[in-house]
Undergrad: 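Just passing along the structure, written as structure tokens.
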Amino acid sequence: LMHFCTFGVKFLFALAPPPGYGSGWPCFWVSLIFIGIMVVIITDLASIFGCLVGLKDEVTAITIITFGTSQIDLFASKISAINDPTADNSLGNVVAANAIGVFLGLGWPWLVASSYWHFVDPGVGFQVPASDLSFLVLAYTGCAVPALGLIVIRRKLSCFGNAELGGDTTMKYVSSAILFRLWLLFVTMTSLNAYGFIENPLQNINLDFIF
């Protein structure tokens, strides 16, 4: 069943050149293009699904889309954690992936769109309302700080094996449960804010001085 469900993806990526050609660079760039195509498809399907079941785009973005587009980072971190002697590369992959998503994933489209509206059609102007982005950042920060604190604690306490990953089986499940509940808390708070059950504490603060 999974083979037939993923046959289109397998066929698409089978068109990538073999890694042995050109020191692997053709394979890298073609695979990168195919990943971009898959992200567009996943985003459209998630948006359509959210429309069918009555979910707002904000909720769809932080659940279905992020889960689907983060599978590459998930498996890359898993492989790194298994094969590397330390957990630095596994955790570094998570941090770097989010950094690329924020700085490059937002910065590059922003640069392209701003340049277009400035040079090609300057009379219209380019503005995109931020909506409740400040609440999203606030909720993420509130959950990320305890997650980073857990990693630091795991390094210090012997019951965790004095390591970010691994250690006692029970404590591994405890760490996993804490991180999973932080993710549930983030999704719950953001969803409640999207449907108006929680107000943004920063909405009445004037942030014009930043810009």
Undergrad: Measuring from Asp57:CG to Ile62:CD1, what's the distance to the nearest 0.5 Å?
TA: 11.5 Å
Undergrad: Any link between Met171 and Val152 through a network of hydrophobic side chains (Ile, Leu, Val, Met, Phe, Trp, Tyr) touching at under 4.5 Å?
TA: no
Undergrad: Where does the angle between the aromatic ring planes of Trp29 and Trp25 fall among parallel (under 30°), tilted (30 to 60°) and perpendicular (over 60°)?
TA: parallel
Undergrad: Of all heavy-atom pairs between Ser31 and Phe13, which one has the smallest distance, and what is that distance?
TA: O-CE2, 3.9 Å
Undergrad: Could you tell me whether the side chain of Asn162 and the main chain of Arg155 form a donor-acceptor pair under 3.5 Å?
TA: yes
Undergrad: Could you check whether any side-chain heavy atom of Cys143 comes within less than 4.5 Å of a side-chain heavy atom of Trp183, counting everything from C-beta outward?
TA: no
Undergrad: Hey, does the side chain of Asn193 reach the backbone of Met189 with a donor-acceptor pair shorter than 3.5 angstrom?
TA: no
Undergrad: How about CZ on Phe28, more than 12 heavy atoms from neighbouring residues, nucleotides or ligands closer than 6.0 Å, or not?
TA: yes
Undergrad: Can you hop from Leu55 to Leu192 via hydrophobic side chains spaced under 4.5 Å?
TA: yes
Undergrad: Donor-acceptor check, side chain of Ser176 to backbone of Lys172, threshold 3.5 angstrom: yes or no?
TA: no
Undergrad: Nearest 0.5 angstrom please: Leu12 CG to Phe7 CZ, how far?
TA: 11.5 Å
Undergrad: Sub-3.5 Å donor-acceptor pair from the side chain of Tyr195 to the main-chain atoms of Lys56, do we have one?
TA: yes
Undergrad: Could you go through Ile37 and Ile33, starting from their C-alpha distance and side-chain angles, then the distance that decides it, and tell me whether this counts as side chain to side chain contact (heavy atoms under 4.5 Å, CB included)?
TA: CA-CA 6 Å; Ile37 294 174; Ile33 294 173; 4.3 Å; yes
Undergrad: Establish whether Val174 and Leu179 are linked, either directly or via other cluster members, by ILVMFWY side-chain heavy-atom contacts under 4.5 Å.
TA: yes
Undergrad: If every non-hydrogen atom of Ser175 is compared with every non-hydrogen atom of Arg154, which pair is closest and at what distance?
TA: OG-NH1, 2.7 Å
Undergrad: Could you give the distance from CG (Asp168) to CG (Leu157), rounded to the nearest 0.5 Å?
TA: 12.5 Å
Undergrad: Rounded to the nearest 0.5 Å, how far apart are OG1 of Thr66 and CZ of Phe186?
TA: 8.0 Å
Undergrad: Supply the atom-to-atom distance Ser158 OG to Phe160 CZ, rounded to the nearest 0.5 angstrom.
TA: 10.0 Å
Undergrad: Could you grab the distance from atom CZ of Phe4 to atom NZ of Lys10, nearest 0.5 Å is fine?
TA: 9.5 Å
Undergrad: In the structure I gave you, are the side-chain heavy atoms of Val187 and Thr63 within less than 4.5 Å of one another anywhere?
TA: yes
Undergrad: What is the minimum heavy-atom distance between Ser47 and Thr60, and which atoms define it?
TA: N-CG2, 4.2 Å
Undergrad: Between Pro18 and Cys27, which heavy-atom pair has the shortest distance, and what is it?
TA: O-CB, 4.1 Å
Undergrad: Same cluster or not: are Ile151 and Leu182 linked, directly or through other Ile, Leu, Val, Met, Phe, Trp or Tyr residues, by side-chain heavy atoms under 4.5 angstrom apart?
TA: no
Undergrad: Any chance you could lay out the side chain to side chain contact (heavy atoms under 4.5 Å, CB included) test for Phe34 and Val30, step after step, and finish with the verdict?
TA: CA-CA 6 Å; Phe34 287 166; Val30 173; 3.5 Å; yes
Undergrad: What about Val9 and Ile35, same hydrophobic cluster or not, with Ile/Leu/Val/Met/Phe/Trp/Tyr joined at side-chain heavy-atom distances under 4.5 Å?
TA: yes
